[in-house]
Amino acid sequence: MSATIRVCSTEDVPKGGVIAAEIDGTPVALVHADDDSFHAVYDECSHAAVALSEGEVDGCTLECWLHGSRFDLRTGQPTGLPATEPVPVYPVEVRDGDVYISLTPSNGVTR
Ligand code: FES
């Protein structure tokens, strides 16, 4: 089990929202989904170098604002074109009102 790093408090991310965080030099998009789950992905679209944290959360997906590909927050896979490659997904843990992540991708995708 790799080390987990505290990102923020759960209250720092509005429900249905996403924030950008930099963890040990890695840009991360941290999502608070409508079902109260938290998800973290590498904060760059796999199609072009734009920040996914500037996109929209929709259910358990994060939509890229530039061309509209949606990424499944559990698998990192795009659910539609133009992106075809998955983004790294980081394990998230919520403990005592704080959000922690590990920088070892749970889906095996690295950048
Ligand atoms: S840059 Fe994200 S879909 Fe094109």
task: Evaluate the criterion side-chain contact (heavy atoms from CB on, under 4.5 Å) for residue pair C45 and L66; output intermediate values, then yes/no.
output: CA-CA 9 Å; C45 185; L66 191 54; over 6 Å; no
- prompt: V57 and G16: which non-hydrogen atoms are nearest, and at how many Å?
  reply: CB-O, 3.5 Å
field: N107 (side chain) donor-acceptor with V87 (main chain) under 3.5 angstrom
entry: yes
task: Keeping to residues at least two apart or across chains, list the salt bridge (charged side-chain N to carboxylate O under 4.0 Å, His left out) pairs with something in residues 70-80.
output: D58-R70, E63-R70, D72-R74
- prompt: Which atom pair, heavy atoms only, marks the closest approach of A29 to L62?
  reply: CB-CD2, 4.2 Å
message: Is there a path of hydrophobic side-chain contacts, each under 4.5 Å between heavy atoms, that joins V18 and W65?
response: no
field: Heavy-atom pair of closest approach, residues P78 and E85
entry: CD-O, 3.6 Å
query: For S53 and A20, which heavy atoms make the closest approach, and how far apart are they?
result: OG-CB, 3.4 Å
statement: Distance col, row I5:CD1 vs D24:CG, nearest 0.5 angstrom, shows 4.5 Å
- line: The reported gap from SG in C8 to CG in L30 (rounded to nearest 0.5 angstrom) is 5.0 Å
query: Is there a side-chain contact between T104 and P91, using heavy atoms and a 4.5 Å cut-off?
result: no
field: Heavy-atom closest pair, residues F71 and A83
entry: CZ-CB, 3.6 Å
- prompt: When rounded to the nearest 0.5 angstrom, what is the spacing between NE2 in H47 and CG in L52?
  reply: 12.5 Å
- prompt: Should V28 and V89 be regarded as members of a common hydrophobic cluster, given that ILVMFWY residues are connected when their side-chain heavy atoms come within less than 4.5 Å of each other, either directly or indirectly?
  reply: no
- prompt: Backbone N or O of P82 within a donor-acceptor pair of the H67 side chain at under 3.5 Å?
  reply: no
Rounded distance (nearest 0.5 Å) linking atom OG1 of T4 with atom CD1 of I101: 9.5 Å
- request: Kindly check if the number of other-residue, nucleotide or ligand heavy atoms within 6.0 Å of CD (E11) is above 12?
  value: no
- prompt: Does G80 offer a backbone N or O that forms a donor-acceptor pair with the side chain of S69 under 3.5 Å?
  reply: yes
query: Should we say atom CD of E56 is surrounded by more than 12 heavy atoms from elsewhere, each under 6.0 Å from it?
result: no
message: Before you tell me yes or no, could you show the steps for V92 and V99 under side-chain contact (heavy atoms from CB on, under 4.5 Å), namely the whole-Å CA-CA distance, both residues' side-chain angles and the distance that decides it to 0.1 Å?
response: CA-CA 7 Å; V92 178; V99 183; 3.6 Å; yes
- request: Test Y90 against every option in T26, I23, V41 by the side chain to side chain contact (heavy atoms under 4.5 Å, CB included) rule and name the one that passes.
  value: T26
message: Working to the nearest 0.5 angstrom, can you tell me the gap between F38 CZ and H32 NE2?
response: 4.0 Å
message: Taking D34 first and then K15, would you say they form a salt bridge - that is, a charged N and a carboxylate O separated by under 4.0 Å?
response: no
